[in-house]
Amino acid sequence: METVARNKQRDRAAAASVVETVDGGLAELIPDRERPRAWTLLIDGAPQSHVDLDDPAHLSFEYQRRLGHIADLAAPPNRPLQVVHLGGGAFTLARYVAATRPRSTQQIVELDAPLVQLVRRELPLDGAARVRVRSTDARAGLAKVQDGWADLVIADVFSGARTPAHLTSTEFLAEVRRVLRPGGFYAANLADGPPLTHLRGQIATAATVFPELALAADPTVLRGRRFGNAVLLASDRELPVAELTRRVATDPHPGRVEHGRALADFAGGAAPVTDASAKPSPVPPASAFR
């Protein structure tokens, strides 16, 4: 009987999927069969976010767990943060910060207004969360944030599964640094595959703006064996590399952290990207989301 009940529950979950057209394409909210009030957001078939409304501190996606680690390490435990999220998705990281650091003040900048409306309606934020959402371009929204306001800026912006070119340059990162308080963290979700030209260029670009860098990723991605995500951490202060390394290594999908000379060697003399030379991140192969 238990198996029959479980199968019925899964059938109901499948029937409860929400599909709508948004500016970025076809948005789908797919129920998680293992978690009663959890959902995965897909845009044109590409997974964007996973949210558990009952447990917003649960981070399912590999790269989101790594961004969560960075949020954990941005300040002493329980201290509220001021966070700017460039790219909203399903507001996963904003929910995480609100759950793990009550009284945090957060701004989400998400260009896709219909997507924001869908998420607000189907996956409403906790009414106690101090989260403001702006439906505008990420760089334009960043320009409206006052100097030194943020403890943490998280960039997770994809349009058609690619990071827009104007969010990859030294000029963009100079704006990020302007918004960060001294000692603040910048974290970016980057996606690339062999020969890792985009990823190496982003490391070189960040190195022109921030003195301290670290990169967390699956070892197979770092070796250029498959397309995947890498999380870049940058700051003007010494990074908690040992603790970040420990956390990333003990994730359900263990990763590796590179920093210092090893990260500079990985970049391999790549040229920094400017607004004049910027290009979107590469198109993921069809196999990336299977």
Side-chain angles (χ1 to χ4, degrees), residues 30 32 34 40-50 58-73 87 89 92-93 96 154-164 167-168 185-207 212-234 239-271 273 279-290:
I30 309 298
D32 185 328
E34 304 300 326
T40 298
L41 169 67
L42 291 81
I43 304 292
D44 285 343
Q48 300 288 323
S49 304
H50 180 277
H58 173 76
L59 298 176
S60 178
F61 287 6
E62 178 181 301
Y63 83 87
Q64 289 182 332
R65 286 184 64 87
R66 289 166 188 163
L67 290 171
H69 295 326
I70 290 170
D72 291 344
L73 298 172
T92 302
L93 268 298
Y96 178 84
I154 297 176
D156 185 15
V157 184
F158 288 86
S159 175
R162 305 176 74 183
T163 301
L167 305 180
T168 67
F185 282 178
Y186 169 64
N189 176 31
L190 308 174
D192 199 7
L196 299 178
T197 303
H198 174 72
L199 184 56
R200 298 181 203 279
Q202 288 303 286
I203 294 166
T205 303
E212 299 293 332
L213 304 177
L215 186 74
D218 187 295
T220 59
V221 173
L222 292 175
R223 289 196 289 266
R225 294 184 178 177
R226 70 170 178 87
F227 193 97
N229 296 87
V231 171
L232 177 66
L233 170 60
L239 299 174
V241 172
E243 180 59 18
L244 180 62
T245 299
R246 185 191 69 78
R247 291 178 179 230
V248 170
T250 55
D251 275 341
H253 299 284
R256 193 172 82 210
V257 174
E258 297 286 9
H259 70 288
R261 173 52 58 189
L263 185 58
D265 290 345
F266 174 82
V273 177
K279 299 177 181 178
S281 63
V283 178
S287 59
F289 307 121
R290 290 176 185 170

(message) Set out, in order, the CA-CA distance, both residues' side-chain angles and the distance that settles side-chain contact (heavy atoms from CB on, under 4.5 Å) for T168 and T205, then state yes or no.
(response) CA-CA 8 Å; T168 67; T205 303; over 6 Å; no

(message) If you apply the rule side-chain contact (heavy atoms from CB on, under 4.5 Å), what do you find for L59 with T92, and how did you get there?
(response) CA-CA 8 Å; L59 298 176; T92 302; 3.7 Å; yes

(message) What verdict does the side-chain contact (heavy atoms from CB on, under 4.5 Å) test give for F158 and L167, after you've listed the backbone C-alpha separation in whole Å, the side-chain angles of each residue and the deciding distance to 0.1 Å?
(response) CA-CA 10 Å; F158 288 86; L167 305 180; over 6 Å; no

(request) Would you please test L215 and H259 for side-chain contact (heavy atoms from CB on, under 4.5 Å) and show each step? (result) CA-CA 6 Å; L215 186 74; H259 70 288; over 6 Å; no

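For the side-chain contact (heavy atoms from CB on, under 4.5 Å) with H69, the lone residue among D251, T245, V231, V257 that qualifies is D251.
With rounding to the nearest 0.5 angstrom, the CG atom of L67 is 12.5 Å from the CZ atom of F185. Interatomic distance, H253 NE2 to Y63 OH, rounded to the nearest 0.5 Å: 14.0 Å. Residue L222 holds its CG atom at 7.5 Å from CG of L196, rounded to the nearest 0.5 Å. With rounding to the nearest 0.5 angstrom, the NZ atom of K279 is 9.5 Å from the OG1 atom of T197. To the nearest 0.5 angstrom, I43 atom CD1 is 5.5 Å from Q48 atom CD. Remark: R65 CZ to L93 CG distance equals 12.0 Å, nearest 0.5 Å.
Residue G89 comes nearest to L41 through the heavy atom pair C-CD2, 3.8 Å, listed as atom of the first residue, atom of the second, then distance. Across all their heavy atoms, A249 and P254 have their closest contact at O-CB, 3.4 Å. Nearest approach of R256 to P219, heavy atoms of both residues: NH1-CB, 4.0 Å. Residues I70 and L233 come closest through the heavy atom pair CG2-CD1, 3.8 Å. Between N229 and V221 the shortest heavy-atom distance is O-CG1, 4.3 Å. Among all heavy-atom pairs drawn from P194 and G224, the shortest one is CB-O, 3.2 Å.
E243 has a carboxylate O that lies under 4.0 Å from a charged side-chain N of R246, or vice versa, which qualifies the two as a salt bridge. A salt bridge links D265 with R261; the closest basic N to acidic carboxylate O contact falls under 4.0 Å.
Considering only residues two or more places apart in sequence or on other chains, R225 meets the salt bridge (charged side-chain N to carboxylate O under 4.0 Å, His left out) condition with none of them.
For R247 (side chain) and R66 (main-chain N/O), no donor-acceptor pair under 3.5 Å exists by modelled atom type. Between the T163 side chain and the V157 main chain, a donor and an acceptor come within less than 3.5 Å of each other. Listed for the D156 side chain is no donor-acceptor partner under 3.5 Å among the backbone atoms of N189.
F61 and H50 have tilted rings, their planes meeting at an angle from 30° to 60° on a 0 to 90° scale.
The closest side-chain heavy-atom distance from D192 to S281 is not below 4.5 Å.
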